[in-house]
Student: 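Sending over a structure as C-alpha cells; questions will come in a sec.
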Amino acid sequence: MAMSPRILALCLLPLAACSGSGTSTMQLYPLQGEIAAADPTLVIEATARNTNFTSGPLTFRLPERGKCEGTWSSLTPHTVSRSKGLSLTWKKTGGEVGAERETVAGVNNGEIYAVCEDGTRVQGTFVIGSGTASGTGTASDTNGNVYKLLF
C-alpha cells in the first residue's frame with residue numbers, strides 16, 4: 001500500500017524540524033570567584049542553537065543570577081573561487097559563470113556574550129576545529145567569576 005504524499009510529508013515534518021538547525025551543549029566550569037568558592041564542583045550547562053551555522057542563540061542559568069540569554073558566534077573562514085569563460089564544445093556551447101564556496105580546514109575563533117536576568121554580563125572566547133562541534137575557551141562575568149568553557 002502506497003503512502004499518500006500528504007501523510008508522508010506529515011511523517012517527515014518532525015525530522016526536518018529537528019535536523020535543520022542543530023543544538024549543542026556547552027559546559028561552563030567556575031574557576032575563580034564567588035560561584036567557584038560556593039561550589040567548586042558545579043557545572044553550568046548552556047544550550048547553543050543553530051550549531052550547523054556560524055552563530056546562534058545561547059541560554060543558560062547562573063546561580064543567584066537567573067536565566068542568561070545571548071549569542072555565540074564562530075568565525076569560519078571560507079574561500080571563494082569564481083569562474084567565467086566561453087565554452088565551445090558539442091555538448092555545451094556558451095558562457096559559463098560560477099562561484100564555489102568552501103570551508104577552510106583549521107582552528108576557528110569564536111565568542112559568546114550573554115546578559116542574565118539580574119543584569120550580569122558574561123563574555124568569553126573559544127577556539128573550535130573546522131567541521132567539528134567541539135571546542136574550548138574561557139569566559140568571565142561582570143561579578144568577577146571566571147569560567148572554563150568546554151563543548
Side-chain angles (χ1 to χ4, degrees), residues 2-85 96-151:
M3 191 179 289
S4 78
R6 184 174 184 183
I7 292 173
L8 180 61
L10 288 173
C11 290
L12 294 177
L13 185 60
L15 294 174
C18 294
S19 65
S21 62
T23 299
S24 295
T25 58
M26 295 181 171
Q27 294 79 35
L28 286 92
Y29 297 90
L31 300 176
Q32 297 174 359
E34 65 185 28
I35 295 175
D39 184 0
T41 64
L42 180 68
V43 178
I44 300 164
E45 291 279 330
T47 301
R49 297 198 187 333
N50 293 340
T51 55
N52 294 341
F53 301 100
T54 57
S55 68
L58 178 69
T59 58
F60 55 94
R61 290 190 169 279
L62 287 182
E64 309 295 323
R65 306 291 176 208
K67 186 176 181 180
C68 306
E69 296 182 302
T71 303
W72 68 270
S73 181
S74 177
L75 305 173
T76 307
H78 294 279
T79 60
V80 177
S81 60
R82 301 187 190 286
S83 63
K84 61 182 175 180
E96 193 174 300
V97 176
E100 187 175 309
R101 186 177 175 145
E102 181 180 13
T103 300
V104 178
V107 176
N108 305 318
N109 296 314
E111 292 189 38
I112 65 166
Y113 184 82
V115 178
C116 303
E117 290 174 334
D118 74 338
T120 297
R121 292 179 309 280
V122 179
Q123 184 172 345
T125 59
F126 61 87
V127 292
I128 186 171
S130 292
T132 68
S134 60
T136 181
T138 58
S140 60
D141 67 29
T142 52
N143 296 313
N145 295 294
V146 177
Y147 309 91
K148 179 67 177 173
L149 176 63
L150 297 173
F151 57 96

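Owing to the predicted nature of the structure, the values given are computational and were not obtained by experimental measurement.
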Student: State whether the side chain of Trp72 and the backbone N or O of Arg49 hold a donor-acceptor pair below 3.5 Å, judged by distance alone.
Tutor: yes
Student: Decide yes or no on side chain to side chain contact (heavy atoms under 4.5 Å, CB included) for Glu111 and Thr71, but give the supporting numbers first.
Tutor: CA-CA 8 Å; Glu111 292 189 38; Thr71 303; over 6 Å; no
Student: Could you tell me whether a side-chain N or O of Thr142 sits under 3.5 Å from a main-chain N or O of Arg121, the two making a donor and an acceptor?
Tutor: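 Looks like yes, one N/O pair under 3.5 Å.
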Student: With the side chain counted from C-beta on, respond yes when Leu42 and Ile35 share a heavy-atom pair under 4.5 Å apart, and no when they do not.
Tutor: yes
Student: Give the minimum heavy-atom separation between Ala114 and Cys68, together with the two atoms involved.
Tutor: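 Closest pair (atom of Ala114, atom of Cys68, distance): CB-CB, 4.4 Å.
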Student: If you define the side chain from C-beta out and look only at heavy atoms, does anything of Phe60 sit under 4.5 Å from Thr25?
Tutor: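 They are not in side-chain contact.
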Student: Run the numbers on Val127 and Asn109 for side chain to side chain contact (heavy atoms under 4.5 Å, CB included), then give the verdict.
Tutor: CA-CA 5 Å; Val127 292; Asn109 296 314; 3.5 Å; yes
Student: List the residues meeting side chain to side chain contact (heavy atoms under 4.5 Å, CB included) with Glu69, not counting sequence neighbours, and say none if there are none.
Tutor: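 Partners of Glu69 under the side chain to side chain contact (heavy atoms under 4.5 Å, CB included) test: Thr59, Lys67.
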Student: Sequence neighbours left out, what passes ring-ring contact (aromatic ring centres under 6.0 Å, His included) with Phe151? Give chain and number order.
Tutor: Phe126
Student: Going from CD on Glu64 to SG on Cys116, what distance comes out if it is rounded to the nearest 0.5 angstrom?
Tutor: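 So the CD of Glu64 and the SG of Cys116 are separated by 12.0 Å.
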Student: What is the distance from atom OG of Ser74 to atom CG of Asn108, rounded to the nearest 0.5 Å?
Tutor: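 Interatomic distance, Ser74 OG to Asn108 CG, rounded to 0.5 Å: 5.0 Å.
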Student: From the options Val43, Val146, Ile44, select the one residue that forms a side-chain contact (heavy atoms from CB on, under 4.5 Å) with Tyr29.
Tutor: Val43
Student: Test: salt bridge (charged side-chain N to carboxylate O under 4.0 Å, His left out). Region: residues 22-46. Which pairs qualify, not counting sequence neighbours?
Tutor: Glu34-Arg65
Student: For residues Leu28 and Ala46, report the shortest heavy-atom separation together with the two atoms involved.
Tutor: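 Taking every non-hydrogen atom into account, CD1-CB, 3.9 Å.
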Student: Which heavy atom in Thr23 sits nearest to a heavy atom in Thr51, and how many Å separate them?
Tutor: N-OG1, 3.5 Å
Student: Got Ser140 and Asn145 here, is their nearest side-chain heavy-atom distance under 4.5 Å?
Tutor: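 The answer is no; the side chains never approach within 4.5 Å.
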Student: Less than 3.5 Å apart, any donor N or O on the side chain of Asp141 or Thr120 sitting next to an acceptor on the other?
Tutor: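 Their side chains do not contain a donor-acceptor pair, so the 3.5 Å distance test is not met.
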Student: Measuring from atom CE of Met26 to atom OG1 of Thr47, what distance do you get when rounded to the nearest 0.5 angstrom?
Tutor: 10.0 Å
Student: Applying side chain to side chain contact (heavy atoms under 4.5 Å, CB included), run through Leu149 and Ile112 and close with a yes or a no.
Tutor: CA-CA 10 Å; Leu149 176 63; Ile112 65 166; 4.2 Å; yes
